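Input: a single structure, listed below in structure tokens.
Just so it is clear, the values below take in all heavy atoms, side chains as well, and ignore hydrogens, waters and symmetry mates. Keep in mind that this is a model prediction, so the values were computed, not measured. All chains are named by letter (A, B, ...) in the order of the sequence lines, taking the proteins before the strands, and each is independently numbered beginning at 1.
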Amino acid sequence: MRASQLFLPTLRTDPADADAVSHKLLVRGGFIRQLAAGVWTYLPLGWRVHEKVVQIIREEMNAIGGQEFRAPLLTPAELWKASGRYDIPEVFHLEDRNGREYVLPMTHEETFAFHARELQSYKQLPQIWYHFGVKERDEPRPRAGLIRVREFIMKDAYSFDRDESTLDVSYEKHREAYERIFARAGLETYFVEAEVGIMGGSASDDFLAPAEAGENELVTCENGDYAADAEIARGAPSPPDFPAPLPAPELVATPDAKTIEAVSAQLGIDPRATIKAMPMVTGDRVVLALVRGDDRLNEERLTGALGGTAVRPAEDEEIRATFGADGGSIGPVDVQVEVIADRGITPGPYVVGANRDGWHLRGVEPGRDFEPRYAEIRQVKPGDACPICGGRLSIQPAIEVGHIFKLGTRYPNAIGARFLDEDGTEKPIVMGSYGIGPGRMMAAAIEQHHDDRGITWPRTIAPFDVHVVSLDAGNAEIKAAAEAVEAELSGSYEILLDDRDLRPGEKFADADLIGCPVRITVGRKTLEDGAVDVRPRATGDEVRVALSAVGGTVAEIL
RNA sequence: CGGGGCGUGGCGCAGCCUGGUAGCGCGCUCGCUUUGGGAGCGAGAAGUCGCCGGUUCGAAUCCGGCCGCCCCGACCA
């Protein structure tokens with residue numbers, strides 16, 4: 001490919017509205033352009049990368065017996081009404097001229113379950129079907145370039161099995177295929193248990209790629225034996241320095257101390273030996289959620305502990321009416337509401353609010369002075385102990401690049417996908433669903449592979465293998481030499497030849513920005529030596545190589 | 001949806017407070033010089049100042065409404 005003929009609108013400065021590294025570099029490098037919030041066009045360079053990612057996914061899906069489909073975007077609303085997903089706020093709805101209703105799917109469970117109705121016998125199972133399809137989601141807040149978008153291409157796969165045990169086999173095949181896909185694309189990822197979410201199913205796991213701009217929080221153990229999404233991660237808090245126990249709670253004045261920090265400072269007490277009491281409203285009742293003073297409440301977990309009903313923090317008036325005090329002085333002793341305590345609140349004497357403005361109680365012992373229901377409702381935090389080995393946990397942002405689900409029979413039941421089993425009974429097909437976002441993989445790859453000059457693509461997904469920079473400035477001899485290098489290498493590699501009439505500095509800057517793994521410079525100086533300069537993008541270690549040895553040198557690097 | 005910020009040639013920005021000729025850098029076009037890390041000189045092209053309405057002799061600037069985009073939160077198959 002000749003750069004002079006390529007639409008490659010690189011930018012000298014970061015776009016004003018970009019924040020994430022991958023967002024800036026994708027736009028600056030001429031890979032993508034924005035059309036609307038969360039809606040992006042892939043330019044030729046970006047599409048090359050996307051298609052390389054797609055091809056890796058395709059090869060690994062085919063390797064586990066996947067069969068590629070191509071399913072439509074436009075989908076009859078009836079299918080989504082049947083599955084119960086029609087009213088999800090993220091779903092785009094539309095009508096045709098006759099008033100028939102359609103949705104623009106966010107994933108294709110309904111569509112594939114519909115076609116799975118033609119699977120009639122256990123003899124036809126299992127099946128793995130997949131496609132690369134456009135997904136539409138009315139995201140409330142798109143952000144960070146390709147990381148959270150409203151329209152994107154996803155590889156979604158669906159497995160159809162006789163029962164849960166063969167579903168486990170299909171699931172494991174996908175897990176292994178996904179590990180290979182991410183490894184081939186040069187991505188560091190972690191396989192972690194994830195929330196099943198509102199769409200049901202028996203299990204779900206994420207693949208998280210550590211990245212500054214990520215939206216998920218990845219919890220990992222320093223000893224490498226534990227990784228989890230912070231939403232469901234387990235971690236043990238460090239033990240508090242308890243003061244001496246008291247025979248009974250003792251009232252202490254804490255004027256103007258409304259926060260744990262203020263209270264513990266005023267009383268000279270380890271914040272870990274205090275209890276934070278959070279009045280929460282669920283349905284039409286108030287509950288009191290307790291976490292240790294240094295911990296934070298995880299509302300999703302509290303919701304889970306309450307059997308799935310939504311919770312919200314109580315309003316000031318509700319707090320006053322229920323406890324007779326302000327939020328800063330609330331405690332669990334002698335209250336009339338249900339008390340749910342985090343399991344991190346181990347036995348010992350704590351400082352708690354006295355339900356009286358400006359006063360706390362010290363020496364309060366759970367079990368003696370109040371009787372809570374225990375549940376895991378705290379948020380994991382850095383420094384917690386690993387549930388496997390006790391090592392220190394750390395937390396880092398990460399991008400969810402893949403998500404796999406054991407769905408069970410929900411969609412087959414709703415859509416009517418049944419088969420006749422060996423024993424002659426009709427059963428619903430057991431389904432799994434498996435998604436990967438190539439665009440997110442691109443963003444994650446950049447987040448993980450860049451420097452201050454630009455992208456350092458993994459070779460497998462780079463737009464080109466070799467970037468030949470011709471410093472000919474109209475000199476026919478240099479131009480011919482650069483073209484000869486291109487011709488020689490093009491049999492084995494994909495080459496971008498920068499034949500543009502630009503200054504050397506601009507060409508080098510663009511090469512660094514675009515990030516092809518090898519740069520070859522052909523100029524007057526190199527030709528005087530009968531050579532070219534070969535520079536791996538990642539290391540920047542440039543070597544002068546005789547023209548006759550270029551192929552060998554490139555082969556060593558790639 | 002709540003909070004914050006922004007909208008001015010292709011890109012990045014100033015001008016707005018204190019109303020009156022729309023400006024800077026980069027990019028773009030042409031010419032000459034230059035050519036190993038984003039060149040120099042000269043000559044040019046290019047902007048409904050997001051949209052609608054109001055105030056005013058006069059609005060990029062003041063007022064009202066709306067739209068769009070970014071960030072934080074909520075939300076998130």
Quick one: label [X] by what it contacts on the DNA or RNA (base, sugar-phosphate, nothing), any heavy atom closer than 4.0 Å.
X: A:A36; answer: sugar-phosphate
X: A:R137; answer: sugar-phosphate
X: A:D156; answer: nothing
X: A:A16; answer: sugar-phosphate
X: A:Q34; answer: sugar-phosphate
X: A:D512; answer: base
X: A:R150; answer: nothing
X: A:A144; answer: sugar-phosphate
X: A:E299; answer: nothing
X: A:T13; answer: sugar-phosphate

In Watson-Crick or G-U wobble terms, both distances under 3.5 Å, what is the partner of [N]?
N: B:rC62; value: B:rG54
N: B:rG68; value: B:rC6
N: B:rG31; value: B:rC41
N: B:rG23; value: B:rC13

Is there side-chain contact between A:Q448 and A:P210, with heavy atoms separated by less than 4.5 Å?
yes
Find the distance [X]:[atom1] to [N]:[atom2] and express it as a whole number of Å.
X: A:R33; N: B:rC11; atom1: CZ; atom2: P; answer: 9 Å
X: A:D19; N: B:rC72; atom1: CG; atom2: P; answer: 6 Å
X: A:W40; N: B:rC69; atom1: CH2; atom2: P; answer: 11 Å

Would the [X] and [Y] ring centres measure less than 6.0 Å apart?
X: A:F69; Y: A:F112; result: yes
X: A:H93; Y: A:W80; result: no
X: A:Y158; Y: A:H108; result: no

For B:rC72 and A:R141 - does any side-chain N or O of the residue sit under 4.0 Å from the phosphate oxygens OP1/OP2?
yes
Short side-chain N/O contact from A:R12 to OP1 or OP2 of B:rG25, under 4.0 Å
no
For a side-chain contact (heavy atoms from CB on, under 4.5 Å) check, start with the C-alpha distance between A:M280 and A:L297, then their side-chain angles and the critical distance, and finish with the verdict.
CA-CA 11 Å; A:M280 305 294 290; A:L297 176 68; 4.0 Å; yes
With a 3.5 Å cut-off and just heavy-atom distances, do the side chain of A:R503 and the base of B:rU34 make a donor-acceptor pair?
yes
Is there a donor N/O on one and an acceptor N/O on the other, under 3.5 Å, for the side chain of A:Y158 and the base of B:rA77?
no
Looking at the side chain of A:E90, which of B:rA77, B:rC75, B:rG37 is the nearest nucleotide?
B:rC75
Check: A:I514 main-chain N/O paired with A:W457 side-chain donor or acceptor under 3.5 Å
yes
When the P atoms of B:rC16 and B:rA22 are compared, how many Å lie between them, rounded to an integer?
16 Å
